[in-house]
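Remarks on the structure that follows.
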Amino acid sequence: MKAWILRSLIVGGGIGIALAAGITWYGLQRTLPAGMTVSGWSVGGLEAGQFEQRLEEQVGLLRNKDVAMTAPLPKVGGSTTRSAKLGELGFVTNADAVAAEVERLFAGSAWQRALLRWQWRDRALTLEAGVEAKALSAAAKKLWPELYATQPVNAKRTILAGDRIAYTPEVPATRPDEAKLHAAALAALGGAAAGAGGATPGTGGGDVAGAGGLLPLPSALKPDGPLLSGAPLAVAIPVVQVLPKVTVASLKAQGIERVIASYSTSFATSKAGRKYNVSKTAAVVHDRLLAPGDVFDYATIIKETEEKFGFREAPVILNGKMVPGIGGGICQVSTTLYNAVLRAGLEIVERRNHSLPVSYAPLGQDATFAEGYINFKFRNSTDKYILIRTSSEGGRLTVKLFGSLDAGVSYDIKSVTLQEIDPPTKYVKNTSLPKGSVKLLQRGKPGYVVETYRYKKVNGRVVDKERISKDTYKPQPALYASNAGGRSSADDDRKRESRDEMIVEDGVLAPVFDVPAEEL
C-alpha cells in the first residue's frame, strides 16, 4: 500500500513539473497568439519585433493613401479636384497604443504571460485614425490658394446729389468651411472602412469619432480592403460664404436715413491762410460717424488736422485781442458744426463763446476753441448713428448731419441780447504828438451779454423751450494816442496780461511778446 502511494506521488509530481514547464514555455513565446488580428490584418505567429515593424509599414501605407479633394471655384463657375496624401492632411493613428497593448504579452512573469496569451487567442485589436484639424486646414490653404486669396468687400454708403443715400452691396468671399471640412475628412475615412465590411457609420467605425477625435477602423489594415488597395478617398470640400464686417443690412441698421440738420457760414473774404485752415479742418471732420452715446471731441480734430495737414498763418484771438498767429479760422468749423448740432436737438457737453464777437455767426451761437483751456464737445443723444458731412467749396462752409429724426420734429434757435457793454477808453503815450493833444487810433466796440434758447417744434407747434447758454462778449476799447504826460493805460494792460496765461482762441499759436523785466 505504501509503495503504491509512493509511485503515485512520483508520477503526479512528474506531471505537475511537466505542466509547469509547458506553461512556462507557452508564456515565454515571442510570437503573437494564433488567430489575433489588428483591423482585419492577421498578426498571429508574428514575432514581437516583426509585428512592430510590419505595423509601422502598414500605417505608412495608409499615410500614403491618395485623397481626391474637390472644391467649387465660383469665379470659373465649376469645381476642380486636386490630390494629396492622407499623411499630408494631418493623418494620425493610435498605432503606438496598439503596439503598447501587444507589448503586454511580453511583460510580467511567465505564468502571467501564459494566461494573457491564452485569453488573447483570436483577439481582434482595432486601429483608430483621424486627421488633425489644423494640419487639414493648412493643407486646404496650400491646395486651394484661390479660395483664400479673395477677400470679402464691405458694403458702401454713398451720399449722392440732393443728399440722397445710396448703397453699394457687399461682396462675400467663398471659403472652405473648415469645421465641416474636418467632419467630411473623417466621414470619408470612416466610410472607406465601413465599405470594407468592418465598420458601420454611426456605430463606432464610420463617421463617429471616439475619444481624442479618432475613429475606430476595424478593417483599415485588411490587405484587400479599400483603405489599402482601393480607389483614392474622396473628400468634397464644403464651402461657406464669408460676409464682410460691413453689409448693407448693417449700414441700414445704423439709421442714417436723411439730413436732420444743416448749417452754413461764409469765409469767402478770408485771406489764403485762413481759407486753408478752415477747409483742412472741415476735411478732417468730414464723414465722422458717431454711434449712439458717442461724444464728439473737437480737440482730437485739431490734433489730427495739425498732424495730417499742418496749419498756416492767420489771425487768432489772444486774451481778447486779434493778433497774428497760426491756425486762425479753426473755430469757424466748430461754430458751424455747433449750429448744426443745436438744430438737430443733440446734447451739448462742452462749449464756450469767443471772447470777441465773430462775423460769421450770430451772438450766442458760436463755439470757440483754445488748446488745453476751451473745447467743444457734444453727444449723440439719439438712439441711431449720426453721420457728419462737410463741404467748403466756393468760400462757403456747410455742415450737414445725417441720421434719424421724426419728420414732424424740428428745432429753432434764437438769441436775445440782454445787455450792451460800453467800450472802455485806453491811451497810448506818443511823445511825437504836440503836447496836450490826443489822436484816435482805433474805435471801440461794445461788448454784449446774450442768452440763447432752443425751441422744439412738433408739426410746427412749440412743445419745449430750453436755455442753451448765457454768454458774455468783451468790449474792445477805444484806443487813443496821447502826449498829455503820465503813464499810459496800455502799459498797465500789458503789465497785467504778462502775468496772465497766454490763451489763444481760434488758432493754435500766437506770437510771444517780449515784456521788459522792470514792468513785470
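In what follows, every heavy atom counts, from backbone to side chain, and hydrogens, waters and symmetry copies are set aside. The structure presented is a predicted model; accordingly, all values stated were derived computationally and were not measured.
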Original post:
Which heavy-atom pair separates E170 from T247 by the least distance, and what is that distance?
Top reply: OE1-CA, 3.5 Å

**OP:** Heavy atoms only: give me the nearest T398-S262 pair and the separation to one decimal.
**Re:** CG2-OG, 3.9 Å

Original post:
Are the side chain of N380 and the backbone of A291 linked by a donor-acceptor contact shorter than 3.5 Å?
Top reply: yes

Original post:
Does a side-chain N-to-carboxylate-O contact under 4.0 Å join R82 and E146?
Top reply: yes

Original post:
So, Y448 and N353: side-chain donor and acceptor under 3.5 Å apart, yes or no?
Top reply: no

Original post:
What pairs with E350 under salt bridge (Lys or Arg N to Asp or Glu O under 4.0 Å), at least two apart in sequence or on another chain?
Top reply: none

Subject >> Exam field: side chain S137 to backbone A133, donor-acceptor pair closer than 3.5 Å >> reply: no

**OP:** Report the distance from atom CG of D464 to atom OH of Y453, rounding to the nearest 0.5 Å.
**Re:** 13.0 Å

**OP:** Spell out, as yes or no, whether a donor-acceptor pair under 3.5 Å connects the side chain of Q332 to the backbone of S266.
**Re:** yes

Original post:
Looking only at heavy atoms, which two atoms of N483 and P434 are closest? And how far apart?
Top reply: CB-O, 3.7 Å

Original post:
With a cut-off of 6.0 Å (strictly less than), are more than 12 heavy atoms of other residues, nucleotides or ligands near CD of E371?
Top reply: no

Subject >> Flag, side chain of N339 to backbone of S264, donor-acceptor distance under 3.5 Å >> reply: no

Original post:
Mind checking whether F376 and Y338 have parallel, tilted or perpendicular rings, split at 30° and 60°?
Top reply: perpendicular

Original post:
So, for A314 and G273, which heavy atoms are closest and what is the spacing to 0.1 Å?
Top reply: CB-C, 4.1 Å

**OP:** May I ask you to test the T368-T335 pair for a side-chain heavy-atom distance under 4.5 Å?
**Re:** no

Original post:
Under a 4.5 Å cut-off applied to non-hydrogen side-chain atoms, are S355 and Y473 in contact?
Top reply: no

Original post:
Can you find a heavy atom in the side chain of I326 that is under 4.5 Å from one in the side chain of V316?
Top reply: no

**OP:** Over all heavy atoms of both residues, which pair between S482 and L433 is shortest? Give the atoms and the distance, please.
**Re:** N-CD1, 4.0 Å

Original post:
About how many Å separate CG of L387 and CD of E257, when rounded to the nearest 0.5 Å?
Top reply: 13.0 Å

Original post:
So how far is it from Y480 OH to R443 CZ, rounded to the nearest 0.5 Å?
Top reply: 7.5 Å

Original post:
Does G255 offer a backbone N or O that forms a donor-acceptor pair with the side chain of S404 under 3.5 Å?
Top reply: yes

Original post:
Charged N to carboxylate O under 4.0 angstrom, D287 versus R389?
Top reply: yes

Original post:
For R352, does the CZ atom have more than 12 heavy-atom neighbours from other residues, nucleotides or ligands under 6.0 Å away?
Top reply: no

Original post:
Would you say R274's side chain and K271's backbone share a donor-acceptor pair under 3.5 angstrom?
Top reply: no

Subject >> Basic-acidic side-chain contact under 4.0 Å: E451, R467 >> reply: yes

**OP:** State, yes or no, whether a side-chain contact exists between Y360 and L397 at a heavy-atom distance under 4.5 Å.
**Re:** no

**OP:** Could you tell me the separation between the CD1 atom of I237 and the OG1 atom of T70, rounded to the nearest 0.5 Å?
**Re:** 7.5 Å

Subject >> Non-hydrogen atoms of A188 and V235 that approach each other most closely >> reply: CB-CG2, 3.8 Å

**OP:** Keeping the roles fixed (side chain from T336, backbone from V399), state whether a donor-acceptor pair exists under 3.5 Å.
**Re:** no

Subject >> Main-chain N/O of E128 paired with N94 side-chain donor or acceptor, under 3.5 Å >> reply: yes

**OP:** Taking the side chain as every heavy atom from C-beta outward, state whether L251 and I256 have any atom pair closer than 4.5 Å.
**Re:** no

Subject >> Steps toward side-chain contact (heavy atoms from CB on, under 4.5 Å) verdict (I260, F402) >> reply: CA-CA 6 Å; I260 61 173; F402 288 75; over 6 Å; no

Subject >> Intermediate values then yes/no, side-chain contact (heavy atoms from CB on, under 4.5 Å), L181 and M69 >> reply: CA-CA 10 Å; L181 173 59; M69 304 180 73; 4.3 Å; yes

**OP:** Answer yes or no: is there a side-chain heavy-atom contact under 4.5 Å between I165 and Y167?
**Re:** yes

**OP:** Considering only NZ, NE, NH1 and NH2 on the basic side and carboxylate oxygens on the acidic side, decide whether E304 and R288 come within less than 4.0 Å.
**Re:** yes

**OP:** Considering only NZ, NE, NH1 and NH2 on the basic side and carboxylate oxygens on the acidic side, decide whether D412 and R454 come within less than 4.0 Å.
**Re:** no

Original post:
Would you call R351 and D471 a salt bridge, using N to O less than 4.0 angstrom?
Top reply: yes

**OP:** Go through S415 and L363 one step at a time and tell me if the side-chain contact (heavy atoms from CB on, under 4.5 Å) criterion holds.
**Re:** CA-CA 7 Å; S415 297; L363 291 172; 5.6 Å; no

Subject >> CD/Q151: more than 12 non-hydrogen atoms of other groups inside 6.0 Å >> reply: yes

Subject >> K474 atom NZ: more than 12 heavy-atom contacts under 6.0 Å >> reply: no

Subject >> Spacing of I302 atom CD1 and S334 atom OG [to the nearest 0.5 Å] >> reply: 7.0 Å

Original post:
Between the side chain of S279 and the main-chain N/O of Y276, is any donor-acceptor distance below 3.5 Å?
Top reply: yes

Original post:
Hey, what do you get for CD1 (I301) to NZ (K308), rounding to the nearest 0.5 Å?
Top reply: 10.5 Å

Original post:
Heavy-atom distance under 4.5 Å between the side chains of L147 and T174, does that happen here?
Top reply: yes

Subject >> NZ (K85) with more than 12 external heavy atoms under 6.0 Å >> reply: yes

Original post:
Do any N or O atoms from the side chain of T382 and from the backbone of K384 form a donor-acceptor pair under 3.5 angstrom?
Top reply: yes

**OP:** Go through the steps for L289 and Q254 under the test side-chain contact (heavy atoms from CB on, under 4.5 Å), then give the verdict.
**Re:** CA-CA 10 Å; L289 189 66; Q254 291 177 349; 3.8 Å; yes

Original post:
Does some side-chain heavy atom of F296 sit less than 4.5 Å from a side-chain heavy atom of D294?
Top reply: no

